[in-house]
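Here is the structure we will look at.
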Amino acid sequence: MNKKDLIGTDPKIAQTLEKELNRQRSGIELIASENFVSQAVMKALGSIGTNKYSEGYPNRRYYGGCEFVDEIENLAIERAKKLFNVDHANVQPYSGSPANLAVYYALLKPGDTVLGAKLSFGGHMTHGLKVNFSGSLYNAVNYTSDKNGYLDFDEIRSLAKEHKPKLIIAGYTAYPRIIDWQKFREISDEVGAFFLADISHIAGLIIGEQHPSPTRIADVTMTTSHKTLRGPRGAMILSNGKVSNSNKPVELSKENIPTLIDRAIIPGLQGGPHNHTTAAIAVALQEAMQPEFKDYAKQVVLNAKALAKSLTAEGLELVTGGTDNHLMLVDLTSTGVTGKEAETALGEAEIFVNKNTVPYDKRKPTDPSGIRLGTPALTTRGLKEDDMEIIGQLIAKVINNAKDSSIKEQVKKQVKELTDNYPLYPDLTYL
Ligand code: DSN
């Protein structure tokens with residue numbers, strides 16, 4: 001055993017990582033926000049980029065020795081600009097929540113009004129949840145959906161007219177349908193609001209041309225890099241306009257958004273960029289530029305549709321009746337099993353999902369009426385529509401027998417047989 005290896009230095013962490021690796025290998029991963037990065041992305045993420053301080057931006061740093069991290073960050077920026085068709089990309093946000101905080105910090109003053117989706121209707125904490133910064137430092141107003149779970153633009157427009165928000169947010173963690181960005185643009189213009197598109201869940205689908213892009217419609221687009229985009233945990237803020245090279249104050253205008261965003265990240269909110277993450281984001285963007293990535297994005301949606309069809313054939317109810325993207329919400333109300341019970345029972349069979357509220361849920365978010373399922377991770381492993389049909393049947397079997405340990409054991413064996421056909425990181429070990 002080499003003392004300098006992970007296993008030599010910290011056997012407890014090495015052994016636990018090995019257990020996590022085996023969990024990822026043997027299970028069916030249906031958490032809609034998760035994915036499996038390539039070993040190239042992992043190599044960049046585990047690199048010496050972590051050793052370097054580089055506060056500032058390429059060619060404008062507060063530390064010496066930044067020529068190579070400048071190259072890395074410039075590559076990430078140029079690739080992001082090309083892939084998302086924007087004038088400016090800030091690739092430094094540590095993750096999605098701090099990135100949204102930076103957008104607020106750039107464009108708003110505390111107390112200003114924001115309009116975003118209610119968390120229990122598929123929004124995100126940073127879109128105006130009362131116990132989040134977005135709902136406590138700002139005057140947050142939330143929109144919901146129609147009774148079938150679709151965005152209700154009449155409600156959104158009427159709330160916008162009544163409350164005159166300075167920022168309107170579109171983008172969801174649990175919305176299974178295509179988002180009409182143009183309608184949000186029109187409403188934002190009617191009330192003089194900035195428009196933020198949070199594409200964290202669907203960035204990979206946008207690059208793969210499976211969902212329309214908001215990047216030339218919204219004023220600011222934010223995405224995390226680790227969901228359908230299949231990169232490391234991080235985020236990017238995309239905008240159009242120009243960056244001022246001086247340190248002089250700039251006025252709050254659309255043209256100045258890139259400058260305002262850069263200044264909100266540093267010195268506003270963050271210190272040194274995580275250069276190892278920036279390198280891994282650059283690698284993920286390089287992968288997303290390859291023609292195979294379009295095939296991947298297309299397959300994610302085909303798989304989601306196939307899973308939705310299988311679940312429906314098994315008698316389970318889906319919010320909006322199906323999906324246009326990578327995820328679906330199962331409303332379990334008629335099954336007598338709660339979302340929490342389903343998450344636990346499926347987990348025992350090594351099918352990993354998360355409990356989720358459904359629109360107009362009568363239960364509380366900690367034990368809601370639904371579960372959320374998504375196909376980005378399984379599609380990366382190579383699973384196709386036939387597998388999705390089987391997985392839909394296995395899910396229904398567990399939900400219909402949530403308290404039956406022998407059924408869950410049987411399903412767990414079937415899950416292992418299925419995932420064994422799709423090796424995950426076959427050469428990787430932490431031991
Ligand atoms: N936690 C993420 C998700 O699961 O959708 C959102 O940030």
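For reference, positions follow the sequence shown, starting with 1. All values below come from the heavy atoms of this structure, side chains included, with hydrogens, waters and symmetry mates left out. Indexing begins at 1, ligand by ligand and atom by atom, following the structure's order.
- In Arg372, the part holding a heavy atom less than 4.0 Å from any atom of ligand 1 is the side chain.
- Atom 7 (O) of ligand 1 has its closest protein heavy atom at His124 NE2, 3.0 Å.
- Annotation for ligand 1: atoms under 4.0 Å from non-hydrogen atoms of Ser33 are 3 (C), 4 (O), 5 (O).
- Ring-plane geometry between Trp181 and Phe195 is classed as tilted, the angle between the planes lying from 30 to 60 degrees on a 0 to 90 degree scale.
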Criterion ring pair (Phe, Tyr, Trp, His ring centres under 6.0 Å) on Phe133 and Tyr104, from CA distance to verdict: CA-CA 10 Å; Phe133 80 85; Tyr104 282 63; 5.1 Å; yes
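- Outside the 6.0 Å centre-distance limit, the rings of Tyr172 and His201 are not counted as a close aromatic pair.
- Between Phe121 and Tyr360, a ring centre-to-centre spacing shorter than 6.0 Å is recorded.
- Protein heavy atom closest to atom 2 (C) of ligand 1, with residue, atom name and distance, is Lys227 CE, 4.0 Å.
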Given the rule in the side-chain hydrogen bond (donor to acceptor under 3.5 Å, both in side chains) test, do Asp367 and Thr338 qualify, once you have shown the distances and angles that lead to the verdict? CA-CA 7 Å; Asp367 190 7; Thr338 69; 2.8 Å; yes
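- Listed by number with element, the atoms of ligand 1 under 4.0 angstrom from any heavy atom of Thr173 are 5 (O), 6 (C).
- When only interatomic distances are considered, the shortest N/O to N/O separation between His201 and ligand 1 falls below 3.5 Å.
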